[in-house]
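To start, the structure itself, in structure tokens.
Just so it is clear, the model here is predicted, and its values are computed rather than measured.
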Amino acid sequence: MVGEDGQENIPHREWLLVFDRVLNEVKADMKRQGREDEFVGAKIIYSTIRFITPDELNWYLEDCIALKKEFPHLIAGFDLVGNENQLKPLIDYIEPLLRFQERQKEEGVDIPFIFHAGETLGDGTHADDNLYDALLLGTKRIGHGYSLAKHPKIIEACRQKGIAVERLTSSMPMHMLPILVNSGIPVALCSDDPAVFGNMGLTFDFFQVTERPQV
């Protein structure tokens, strides 16, 4: 976020203060309209990009814990994002991620992993292997998961553990969606960064699913 001096130097805490204020304003406005029951909720997944070093990740993980302690109602989990075919795999960050889980116990907070994993059409690549590591780290969600359909054992583990798969209709191979649904996997249809990519939003995403013959 850019500050008044034109520099990207706004602390993450300030981001959450703004988010929380606007969230409360929206809820109050809906209550005045008698529509408070229509509001489902809004939270933040603390995310960093996979090009940082493991040492740099330690700073972000500590920042995430601090924000969770101050804003427990806003921080939903932690994720690592970015092009999995080109950037670092989860295994490169295993030490800080395991330490993060221990630090949560020390600080009395619960911040689940909500990893992007398997966002690749490759087979046996580092990006594909992220599915295994995400599962072993206890992820509550798999973002994208294009290669998940090639791994029946992981699909079964996701079904047993209730791990949801986030599917993005604007960018995903749609023929994989029925495989997951028919396997009993919870699936969330989502827009892929509409503010960045200019996607049209959830209504259009759901329309795409209903109109595609493979679904």
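Hydrophobic clustering (ILVMFWY, side-chain heavy atoms < 4.5 Å, transitive): I45 and V165 are in distinct clusters. Both V187 and I154 are members of a single hydrophobic cluster when ILVMFWY side chains are connected at heavy-atom separations under 4.5 Å. At a threshold of 4.5 Å between side-chain heavy atoms, the hydrophobic network of Ile, Leu, Val, Met, Phe, Trp and Tyr places I75 and V81 in one connected group. One hydrophobic cluster holds both Y46 and F51 under the rule that ILVMFWY side chains link at heavy-atom gaps under 4.5 Å. A continuous path of ILVMFWY side-chain contacts below 4.5 Å connects L137 to I65, so both sit in one hydrophobic cluster.
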| request: Give the intermediate values and the outcome of salt bridge (Lys or Arg N to Asp or Glu O under 4.0 Å) for residues R99 and E102. | output: CA-CA 5 Å; R99 175 61 179 154; E102 292 302 314; 5.9 Å; no

| request: Could you walk me through whether I163 and L135 pass the side-chain contact (heavy atoms from CB on, under 4.5 Å) test, one step at a time? | output: CA-CA 9 Å; I163 297 173; L135 210 65; 3.2 Å; yes

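For the pair H151 and L131, the minimum side-chain heavy-atom distance is below 4.5 Å. Within the 4.5 Å cutoff, no side-chain heavy atoms of K27 are placed close to those of M30. Side-chain contact check for R13 versus L67: some heavy-atom pair is nearer than 4.5 Å.
Residues R141 and T139 share a closest heavy-atom pair of O-OG1, 2.6 Å. Looking at every heavy atom in both residues, A42 comes nearest to L74 through O-CD2, 4.3 Å. Taking all atoms of both residues into account, the shortest heavy-atom contact from I155 to A149 is CD1-CA, 4.0 Å. The two atoms that bring R159 and G184 nearest to each other are CG-O, 3.7 Å, heavy atoms only. Closest heavy-atom contact between I114 and A76: CD1-O, 3.7 Å. Residues C158 and I142 share a closest heavy-atom pair of SG-CD1, 3.8 Å.
The line from CZ of F78 to CG of D63 is 10.0 Å long, rounded to the nearest 0.5 Å. Rounding to the nearest 0.5 Å places NZ of K105 at 11.0 Å from CG of D110. Atoms CG and NZ, from D79 and K140 in turn, are 15.0 Å apart once rounded to the nearest 0.5 Å. Atom CG of L121 is separated from atom CG of D128 by 10.0 Å, given to the nearest 0.5 angstrom. A distance of 6.5 Å separates NZ in K31 from CD in E36, rounded to the nearest 0.5 Å. Taking CZ of F206 as the reference point, atom SG of C190 lies at 8.0 Å (rounded to 0.5 Å).
Checked by atom type, the side-chain pair E62/N58 shows no donor-acceptor distance below 3.5 Å. Residues H12 and Y60 bring no donor and acceptor atom of their side chains to less than 3.5 Å of each other.
A donor-acceptor pair under 3.5 Å is formed between the side chain of E84 and the backbone N or O of E119. Panel note: side chain E14, backbone P11; no donor-acceptor pair is recorded below 3.5 Å.
Taking a 6.0 Å sphere around NE2 of H126, one finds it holds 12 or fewer heavy atoms contributed by other residues, nucleotides or ligands. Heavy-atom contacts from other residues, nucleotides or ligands closer than 6.0 Å to NZ of K150 number more than 12.
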Side-chain donor-acceptor contacts of residues 19-26 below 3.5 Å, not counting sequence neighbours, with atom names and distances?
| from | atom 1 | to | atom 2 | distance (Å) |
| --- | --- | --- | --- | --- |
| D20 | OD1 | H73 | NE2 | 3.1 |
| D20 | OD2 | H73 | NE2 | 3.4 |
| N24 | ND2 | D20 | O | 3.2 |

In residues 85-98, what donor-acceptor pairs under 3.5 Å come from side-chain atoms, sequence neighbours left out?
| from | atom 1 | to | atom 2 | distance (Å) |
| --- | --- | --- | --- | --- |
| N85 | OD1 | T120 | OG1 | 2.8 |
| Y93 | OH | R50 | O | 2.6 |
| Y93 | OH | I52 | O | 2.6 |

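Aromatic ring centroids of F113 and F100 lie under 6.0 Å apart.
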